Structures are given as structure tokens and as C-alpha cells.
Amino acid sequence: MAAELSAGLPPEDLRQLFCRVGQHFAQALPIPPCRTLEELQDRFNEHWDRIDWGFTVLSEESDGVAITHACSPIAMAFGPETTGWSVGFFEGVYQAWFDSQRMPASLRVQALKTAAVQGEPRVDLRLSKVAA
């Protein structure tokens, strides 16, 4: 499937497509208002656990929030060569979920890189201010 997608569309179009799919996914599984980052992480993980799609770790940093999604089934299914566009799914999901928490519009979720954690794929993202 990844090969067919890659052959049919440029990487940036695929990333945007996966981002839209992620946004729709997040809208289908809404997150109620949360008071703390820990509570938000728990709500994210409740959704991921129900569908067996890995788990999230959120870490507050001085200029943003680090988001680690471990055991990504998308990363496992499509492989590391699709990381450039398949991360769009998680950008869309987490952006929609953070938007539902009434985050300022200047904060955006962006994927950083993919790494192996104990042999399992992970997606590293960051919620931070968009450079002007």
C-alpha cells in the first residue's frame, strides 16, 4: 500500500492527505477539556489503548511540549522509508486534539523524526510556536 501511495502522489501531498485523515480520526474520538498535561496524556492514551495503536508520552519543555508516540502501527506497517509523509497522520491527530483544548492558533504540532525504542517504531513531534 505504501509503495502504491508513494508512486501516485508526491511526498508533501501524501503528508497533507495523512494529516487530514488524522484530523478526521481525532474528530471521531474527541478529547474532553483537560486541566493538566498529565490528564491530557491520559485521555490520549485511553483512545490509543482502545484501538491498540501504541501510546503517548507528553513532556513539557521551556518552549513547547514534546510528544512521543511509541509503537506506531503506521510506522510499523509502512516502514521507515515513508516516515516523511506518514507522520502527517499524527500531526493531524495531535493538532486537532490540542486545538480542542483551546490552544492558541500560533501553536502547531510538527513531526521531528522517527526513532526505534526497544525495537518498536516511534514518532517524535513537538507542539510549539510557529516561526513567523
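From a predicted model like this one, the values you see are computed outputs, not experimental measurements.
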Output field: ring centroids Phe90/Trp85 closer than 6.0 Å: no

Check against side chain to side chain contact (heavy atoms under 4.5 Å, CB included), Ser106 and Val130: CA-CA 6 Å; Ser106 62; Val130 176; 5.8 Å; no

Contact summary for Trp48 and His69, nearest pair of heavy atoms: CE2-CE1, 3.3 Å

side-chain contact (heavy atoms from CB on, under 4.5 Å), paired with Thr56, selected from Leu125, Ile67, Thr68: Ile67

Separation of Arg43 CZ from Gln101 CD (nearest 0.5 Å): 10.0 Å

Listed partners of Arg108 passing salt bridge (charged side-chain N to carboxylate O under 4.0 Å, His left out), at least two apart: none

Shortest non-hydrogen separation from Arg126 to Gly64 and the atoms involved: NH2-N, 3.7 Å

Ser72-Trp53 side chain donor-acceptor pair, cut-off 3.5 Å: no

CD on Gln23 to CZ on Phe89, rounded to 0.5 Å: 11.0 Å

Distance-minimising heavy-atom pair for Arg15 and Ala111: NH2-CB, 3.6 Å

Glu91 (side chain) donor-acceptor with Cys19 (main chain) under 3.5 angstrom: no

Heavy-atom side-chain proximity of Lys129 to Asp63 below 4.5 angstrom: no

Euclidean distance, Gln41 CD relative to Leu37 CG, rounded to 0.5 Å: 7.0 Å

Min side-chain heavy-atom separation Phe98-Leu40 under 4.5 Å: yes

Distance (rounded to the nearest 0.5 Å) between Glu46 CD and Ile51 CD1: 13.0 Å

Gap between atom CG of Asn45 and atom CG of Leu58 - 0.5 Å precision: 8.0 Å

Glu38: salt bridge (charged side-chain N to carboxylate O under 4.0 Å, His left out) partners, not counting sequence neighbours: none

Glu39 side, atom CD; Ile31 side, atom CD1 - distance, nearest 0.5 Å: 10.0 Å

CA sep, side-chain torsions, deciding dist, call: Phe55, Phe44, side chain to side chain contact (heavy atoms under 4.5 Å, CB included): CA-CA 8 Å; Phe55 62 94; Phe44 291 171; over 6 Å; no

Trace of the side chain to side chain contact (heavy atoms under 4.5 Å, CB included) decision for Asp13 with Phe18: CA-CA 9 Å; Asp13 290 351; Phe18 271 62; over 6 Å; no

Whether over 12 other heavy atoms sit under 6.0 Å from Arg102 CZ: no

